[in-house]
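A short write-up of the structure that comes next.
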Amino acid sequence: MEITVEAIVFLVFSAITLGGALQVVLTRNLFHAALYLMLSLFGVAGLFVLLTAPFLAGAQVVIYIGAITILIIFAIMLTPQVTRVLKVHHTQWPVALALAALLFVGLVWTQTPLADELGADGWSADFTVEDPADVPADSLTDLGKSLVDPERYMLPFEAASLLLMAALIGAVLLVNRPDDNPDAEAAPAAGARPDQSG
Amino acid sequence: MTLNEWIFVGLFLMAGWMLPVVPLLLGYWLAPRRPNPVKKQIYECGVQTVGSAWVQFRAQYYVFALVFVAFDVELVFLFPWALAYNKLGLFALFEMAVFILLLVVALVYTWRKGALEWS
Amino acid sequence: MTDTLVDIGLSHDLAVLIAKLVGVFVVATCGLLWTLFGIWLERKVSGRLQDRLGPNRVGPFGLFQTLADTIKILLKEDLVPDGADRWLFNLAPVLSTFSVLLLWVVIPFSAGWIGTDLSIGVLYLLAAGSLGMVATLMAGWGSNNKYALLGAFRAVAQLISYEVPMVLAMLVPVLMTGSMSLQAIVEGQYIAYGLAIPLTVFIFLASSLAEIGRAPFDLLEAESELVAGFHIEYSGMKFGLFYVAEFLHAFTVGVLATVLFLGGWRIPFVSAQDTPALLGFGSLLIKSLLVYLVIMWVRTTLPRVRIDQILEFNWKFLVPLSLANLLVVALLWKIVPDTDQIASVNDALLPTLVLLTANILLIVVTSLILRERGRRERAHIAALYGPVDGAADAAPAGVGD
Amino acid sequence: MVPLWMYLVVAAGLFCIGLFGVLTRRNAIAILMSIELMLNAVNINLVAFWRYQTPDKIGGQVFAAFVFVVAAAEAVVGLALILAIYRRRRTVIAEDVDMLKW
């Protein structure tokens with residue numbers, strides 16, 4: 001079992017991704033959860049770089065960290081914890097845990113050769129395999145071309161724009177209600193440090 | 001498209017954060033620290049702070065974030081298009097114009113709804 | 001340097017690694033040391049612009065003022081407010097400075113003088129920029145202060161809004177070069193893009209000013225409304241780091257404008273291959289300082305605008321304008337023949353002239369629209385409150401209205 | 001390179017963590033965050049399969065990019081819905097929103 005630099009980097013980013021994700025699910029404080037979400041998504045961006053998809057890595061950081069998570073934080077700030085709930089999780093969380101664990105084991109068992117590896121003689125998983133074929137140097141240009149090529153992804157591309165438009169209009173319709181504005185800036189604060197948010 | 005060009009970024013991520021930390025540590029060792037309750041109070045123009053810092057915000061901020069998310073996703077898609085533009089025909093411009101216009105429709109709608117006003 | 005290390009007897013990989021590590025520290029330290037000089041320069045220049053002397057006590061021309069300030073700020077007591085989220089509170093200034101330093105990784109200082117020439121350079125700049133936003137939010141939240149939190153949210157609302165026109169402006173050189181790598185963009189500028197697309201340069205500078213929170217968009221620290229914005233609870237070196245980050249970011253914007261629009265390290269009338277590395281670096285420095293001078297000039301001249309005006313100016317003026325600008329440039333780029341194989345100044349001449357003409361037309365049309373709107377606005381105000389003295393030049397401060 | 005199945009394990013782990021969050025968190029915004037995690041797990045799979053199986057075609061990257069769009073649209077509409085419900089019911093706890101039970 002040879003450990004290369006790439007394998008170490010892979011392990012580090014995987015740990016960031018999974019550790020951040022665990023914190024998202026477990027943390028009491030919603031603001032912290034959002035920050036951990038950023039960390040986790042940053043780890044995913046690192047994995048994308050390792051997979052030779054730098055454009056997707058950049059897009060991941062710009063869209064997820066720079067936009068979606070910021071939006072989530074804005075939303076968190078708009079809905080302060082009126083009900084100071086001490087419980088973060090449902091009471092039936094063991095069931096969910098069992099379900100998730102079962103799914104994980106099932107996925108790993110069916111999708112990976114890990115089971116065979118373990119069955120043979122202990123842990124002998126190899127961290128390096130032969131490189132798959134190289135990514136063409138102009139793959140990014142090809143991406144741009146394929147997006148506007150009527151024979152390839154033009155239709156999904158325009159549909160994506162349509163989806164964004166519909167989402168934006170719908171969201172503005174939902175959020176922008178000038179008739180009732182309960183979220184005045186001076187609304188009563190919801191008690192002490194909001195660490196008990198669900 | 002190789003990983004090599006990213007080694008520098010990786011090293012920078014590992015080592016670069018130390019540079020801002022060094023002056024912080026320097027300050028930590030050099031500066032005096034005699035905190036007292038009055039000093040540690042939250043700054044609020046001389047009066048006692050009332051309630052938590054987690055105040056509710058106006059939905060106003062949120063609408064701008066909404067519009068931004070939609071535009072940000074679109075901008076990311078514009079990058080590969082701009083990259084390949086020299087190798088594409090005029091139809092590429094037309095398609096991108098449609099792509100942009102669809103979102104401009106949403107922007108105009110938001111504008112007309114008065115959601116972009118800061119009341 | 002790699003060769004020397006290999007000669008000593010190190011393996012090639014290790015030599016490359018060490019060379020890159022040294023590069024990391026050179027890039028980052030230079031950035032931080034530069035601020036020592038740059039802050040002095042900024043204070044001196046804005047002092048002169050406002051008919052003051054600026055620093056003149058410590059050292060010749062007050063040159064060591066920043067050094068003295070650094071020592072002072074290091075010795076200041078560092079307070080953590082009650083109920084602060086300690087981790088986030090301490091992490092925020094580090095992340096703020098670090099996110100700006102990250103930008104320097106891809107900036108081409110001269111031919112071959114570059115941290116790393118990423119193939120997605122421009123996108124990387126945006127990604128690094130979003131980390132700064134996170135730092136702002138962390139600082140606002142971590143301080144446990146209403147003003148800090150409000151300031152942070154205002155700041156982020158402003159940052160995200162102005163990112164849209166900024167990116168649209170950055171897309172124009174990407175489109176003209178056909179590459180996102182910054183080195184390629186510099187080398188592609190046989191005639192500086194700024195000469196062909198002055199409107200894009202304006203959009204980039206205006207939105208960047210908002211991105212760095214400089215006057216007239218310095219709402220982040222609107223003293224009258226928010227005390228000092230998101231870093232009100234910070235003192236000592238932590239405040240110093242925010243200050244360094246802000247200053248360094250402002251200068252970085254100057255460098256970026258130079259790289260994207262003013263030919264970067266290229267010297268006019270000299271081909272990229274013939275430019276000596278050191279002269280190229282000097283050329284970049286001079287151009288960046290000139291852009292930075294403009295930023296300082298704007299800062300010392302214009303009054304601050306209100307938050308509603310800031311956001312309106314962006315969404316109702318800058319975004320539509322930059323979208324139109326991008327489409328016009330793209331259209332002309334296809335109409336003018338042979339734009340996809342520019343390899344000399346002569347090739348670049350025709351596209352530059354065409355684009356310049358179109359830009360001037362666009363600017364004229366935009367100004368006419370603005371004038372008409374301004375006139376209507378004044379009539380509206382006059383109808384409400386009666387005629388204002390000197391109504392012609394006392395238009396409301398809204399730049400876009 | 002690292003073998004493909006390792007990426008799949010990471011993606012599976014991320015997906016299951018997200019699933020656990022969706023099933024157990026009570027706050028609607030936290031549920032939304034967990035859904036984002038699951039979408040990212042999908043994206044890791046898409047990109048990993050693209051890299052190892054068809055690096056010469058661009059499809060994998062295109063689909064991953066479309067997942068970004070979907071994720072953004074989902075976040076935009078989802079959060080707006082949560083806010084709308086919050087205004088009406090003064091709660092963001094998912095199980096308190098039980099208007100359809102009657």
Side-chain angles (χ1 to χ4, degrees), chain B residues 1 5-9 11-13 15-17 19-21 23-24 26-28 30-35 37 39-45 49 51-55 57 61 64-65 67-68 71-72 75-76 78-79 82-87 89-90 93 96-97 100 104 107 111 116-118, chain C residues 20-21 23-25 28-29 32 74-82 93-94 97-98 101-102 105 115-119 123 144-146 149 153 157 160-161 163-164 167-168 171 174-175 178-180 227 232-233 236-238 240-241 307-308 311-312 315-316 323 327 330-331 333-334 339-340:
Chain B
M1 271 250 218
E5 60 181 36
W6 285 88
I7 292 175
F8 193 82
V9 180
L11 285 174
F12 206 94
L13 281 177
W17 58 268
L19 278 141
V21 168
L24 267 194
L26 218 61
Y28 188 78
L30 290 177
R33 244 193 331 275
R34 286 179 218 92
K39 270 190 201 167
K40 285 177 75 179
Q41 253 175 29
I42 297 153
Y43 182 81
E44 192 141 13
C45 311
T49 308
S52 136
W54 197 350
V55 288
F57 286 94
Y61 290 97
F64 289 103
V67 182
F68 166 71
F71 268 89
D72 200 43
L75 292 177
V76 167
L78 282 174
F79 273 103
L83 205 61
Y85 190 67
N86 276 337
K87 299 181 182 65
L90 202 56
L93 176 65
M96 191 45 77
I100 291 176
V104 169
L107 180 67
W111 187 339
L116 291 180
E117 310 293 333
W118 190 273
Chain C
K20 283 199 189 285
L21 208 58
V24 166
F25 276 98
T29 323
L32 286 178
L74 271 175
L75 295 174
K76 281 225 168 187
E77 181 170 2
D78 169 31
L79 292 170
V80 181
D82 271 336
V94 177
T97 314
F98 185 48
L101 283 178
L102 270 177
V105 167
T116 176
D117 191 20
L118 291 183
S119 57
L123 197 60
N144 188 28
N145 182 321
K146 294 190 189 76
L149 197 55
F153 272 79
I160 57 176
S161 295
E163 200 173 312
V164 175
V167 177
L168 283 169
L171 270 167
V174 171
L175 184 144
S179 171
M180 277 198 263
V227 203
I232 176 168
E233 290 290 356
M237 201 56 219
K238 284 178 205 155
L241 281 182
I307 177 103
D308 58 328
L311 292 169
E312 258 181 34
W315 289 109
K316 298 185 178 174
L323 279 172
L327 288 179
L331 178 68
W333 202 246
K334 270 278 129 23
T339 43
D340 52 340

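Labels below follow one simple rule: chain letters A, B, ... track the order of the sequence lines, proteins then strands, and each chain is numbered from 1. Only heavy atoms go into these numbers, but all of them, side chains included; no hydrogens, no water, no symmetry mates.
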For residues [X] and [Y], report the shortest heavy-atom separation together with the two atoms involved.
{"X": "B:Pro23", "Y": "C:Leu241", "value": "CG-CD2, 4.2 Å"}
{"X": "C:Ser179", "Y": "B:Leu83", "value": "CA-CD1, 3.3 Å"}
{"X": "C:Ile160", "Y": "B:Ala65", "value": "CD1-CA, 3.7 Å"}
{"X": "B:Val9", "Y": "C:Leu118", "value": "CG2-CD1, 4.0 Å"}
{"X": "C:Leu171", "Y": "B:Ala82", "value": "CD2-CB, 3.8 Å"}
{"X": "B:Pro35", "Y": "C:Glu77", "value": "N-OE2, 3.6 Å"}

Please look at [X] and chain C and tell me whether the side chain, the backbone, both or neither of the residue comes under 4.5 angstrom of a heavy atom of that chain.
{"X": "B:Trp111", "answer": "side chain"}
{"X": "B:Leu24", "answer": "both"}
{"X": "B:Leu13", "answer": "both"}

With a 4.5 angstrom heavy-atom cut-off, is it the side chain or the backbone of [X] that approaches chain B, or both, or neither?
{"X": "C:Leu75", "answer": "both"}
{"X": "C:Lys238", "answer": "both"}
{"X": "C:Leu101", "answer": "both"}
{"X": "C:Asp78", "answer": "backbone"}

Handout entry: Cation-pi geometry met for C:Lys334 and B:Tyr85 (6.0 Å, 45°)
Key =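 Relative to the ring axis of B:Tyr85, which defines the angle, C:Lys334 lies inside both limits.
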
As an exercise, state the distance from [atom1] of [X] to [atom2] of [Y], rounded to the nearest 0.5 Å.
{"X": "C:Leu168", "Y": "B:Ile100", "atom1": "CG", "atom2": "CD1", "result": "7.0 Å"}
{"X": "C:Leu175", "Y": "B:Asn86", "atom1": "CG", "atom2": "CG", "result": "7.0 Å"}
{"X": "C:Leu21", "Y": "B:Phe8", "atom1": "CG", "atom2": "CZ", "result": "9.0 Å"}

Problem - Test item: C:Thr116 side-chain N/O and B:Glu5 main-chain N/O as donor-acceptor pair under 3.5 Å - result: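 Yes, the answer is positive, given that a donor and an acceptor are paired below the 3.5 Å cut-off.
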
Exercise for the section: Apply side chain to side chain contact (heavy atoms under 4.5 Å, CB included) to C:Val164 and B:Phe68, showing your working. Expected result: CA-CA 7 Å; C:Val164 175; B:Phe68 166 71; 3.8 Å; yes

Problem - side chain to side chain contact (heavy atoms under 4.5 Å, CB included) between C:Leu323 and B:Phe71, worked out - result: CA-CA 11 Å; C:Leu323 279 172; B:Phe71 268 89; 4.3 Å; yes

Check whether any side-chain heavy atom of [X] lies under 4.5 Å from a side-chain heavy atom of [Y], and answer yes or no.
{"X": "C:Val167", "Y": "B:Val76", "answer": "no"}
{"X": "C:Val174", "Y": "B:Leu78", "answer": "no"}
{"X": "B:Leu26", "Y": "C:Met237", "answer": "no"}

Exercise for the section: Flag the one option from C:Gly236, C:Gly178, C:Gly240 with the top tally of heavy-atom pairs under 4.5 Å to chain B. Expected result: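 That would be C:Gly178.
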
Problem - More than 12 heavy atoms of other groups within 6.0 Å of C:Lys316 NZ - result: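 Yes, the 6.0 Å shell around NZ holds more than 12 heavy atoms from other groups.
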
